[in-house]
Amino acid sequence: QGKSKESGASLEVKIKYEQLKMEMQRKEQQISEMKIEVQQAKNMVADLKKALDSAQKSSAEGSQGVATNFEKYDIGSKVRLKDVHFYPGTDRGIEPYASREIRAFAIYMLQNPGVTVEVSGHIFETKKAIESGKADDTYNLSGRRANYVCRKLVEFGVSLKRLTCVGYGANRPVHLTDDQYSEKAQLNRRVEVEILTK
């Protein structure tokens, strides 16, 4: 009887030992899974940090590049905003390209508080219409496009007092052509900024 009590007790100990062993293995498994999750989180944070650093660097370079680019213009210089295009017949800018370039110019103006500009809109009319005096901006499309750029500049923090917004219709063509689909015609459809003071 004493022996059977002993073997019963020893069996109980063995069972407890096995249970504890299994519990310990489970905990170890959980710990290694948590370690993997922690490592994955660390990798994700590192990737995000890299992406953020890269974005900040390119943004800083972009701003600087733009500011330097506009710096070279003197009073009286006219700068065509090359990425500011509109849906045909409207004053609705094609985004995000229009806003990117306007924002770049706004940064230049904010960095140079003495600068004031005239923002001018221009449309295409045929050579024939211009020469016969029949070129007409009936709906003031050129003025509305200039106002679009001015509104965006104000949104980006530039004071309206530093902006003169005007539409010249087709009165200041870069090229005279009758082909409305030509590259020359596209150069006539434009918004320009003229540096008035620096």
Q) Going by the angle between their ring planes, with limits at 30° and 60°, are Tyr148 and Phe86 parallel, tilted or perpendicular? A) perpendicular
Is it possible for you to say whether [X] and [Y] belong to one hydrophobic cluster, with membership spreading through side-chain heavy-atom contacts below 4.5 Å?
{"X": "Ile102", "Y": "Leu160", "result": "yes"}
{"X": "Val154", "Y": "Leu81", "result": "yes"}
{"X": "Tyr108", "Y": "Leu163", "result": "yes"}
{"X": "Tyr97", "Y": "Tyr87", "result": "yes"}

Euclidean distance, [Y] [atom2] relative to [X] [atom1], rounded to 0.5 Å:
{"X": "Thr116", "Y": "Glu194", "atom1": "OG1", "atom2": "CD", "value": "9.5 Å"}
{"X": "Lys184", "Y": "Lys127", "atom1": "NZ", "atom2": "NZ", "value": "9.5 Å"}
{"X": "Glu192", "Y": "Glu118", "atom1": "CD", "atom2": "CD", "value": "9.0 Å"}
{"X": "Arg145", "Y": "His85", "atom1": "CZ", "atom2": "NE2", "value": "10.5 Å"}
{"X": "His175", "Y": "Leu187", "atom1": "NE2", "atom2": "CG", "value": "4.5 Å"}
{"X": "Thr90", "Y": "Arg144", "atom1": "OG1", "atom2": "CZ", "value": "8.0 Å"}

Spell out, as yes or no, whether a donor-acceptor pair under 3.5 Å connects the side chain of [X] to the backbone of [Y].
{"X": "Ser142", "Y": "Ser120", "result": "no"}
{"X": "Asp179", "Y": "Tyr181", "result": "yes"}
{"X": "Glu101", "Y": "Asp83", "result": "yes"}

Q.
So Met109 and Val117, do their side chains get closer than 4.5 Å, heavy atoms only?
A. yes
Q | Side-chain heavy atoms of Asp137 within contact of Asn171, under 4.5 Å | A | no
Q: Evaluate the criterion side-chain contact (heavy atoms from CB on, under 4.5 Å) for residue pair Asn147 and Arg151; output intermediate values, then yes/no.
A: CA-CA 6 Å; Asn147 285 331; Arg151 279 197 312 275; 3.9 Å; yes
Considering non-hydrogen atoms only, spot the tightest contact between [X] and [Y] and give its length.
{"X": "Tyr73", "Y": "Lys198", "result": "O-NZ, 2.7 Å"}
{"X": "Val191", "Y": "Val149", "result": "CG1-CG2, 3.7 Å"}
{"X": "Pro173", "Y": "Ala170", "result": "CD-O, 3.4 Å"}
{"X": "Glu95", "Y": "Ala98", "result": "OE1-N, 3.8 Å"}

Q | Among Arg190, Gln186, Gln180, side-chain contact (heavy atoms from CB on, under 4.5 Å) partner for Phe124 | A | Gln180
Q: Using a cut-off of 6.0 Å, state whether more than 12 heavy atoms not belonging to Glu18 lie near its atom CD.
A: yes
Q: Please report the C-alpha distance between Arg162 and Val115 in whole Å, then the side-chain angles of each, then the deciding distance to 0.1 Å, and finally whether the side-chain contact (heavy atoms from CB on, under 4.5 Å) criterion is met.
A: CA-CA 7 Å; Arg162 299 172 63 193; Val115 171; 3.9 Å; yes
Q: For Ile107 and Leu110, run side-chain contact (heavy atoms from CB on, under 4.5 Å): C-alpha distance rounded to whole Å, both residues' side-chain angles, the deciding distance at 0.1 Å, then the answer.
A: CA-CA 5 Å; Ile107 289 168; Leu110 293 170; 5.5 Å; no
Q) Where do Arg80 and Val174 land on the side-chain contact (heavy atoms from CB on, under 4.5 Å) test, with the steps shown first? A) CA-CA 11 Å; Arg80 180 171 177 257; Val174 180; over 6 Å; no
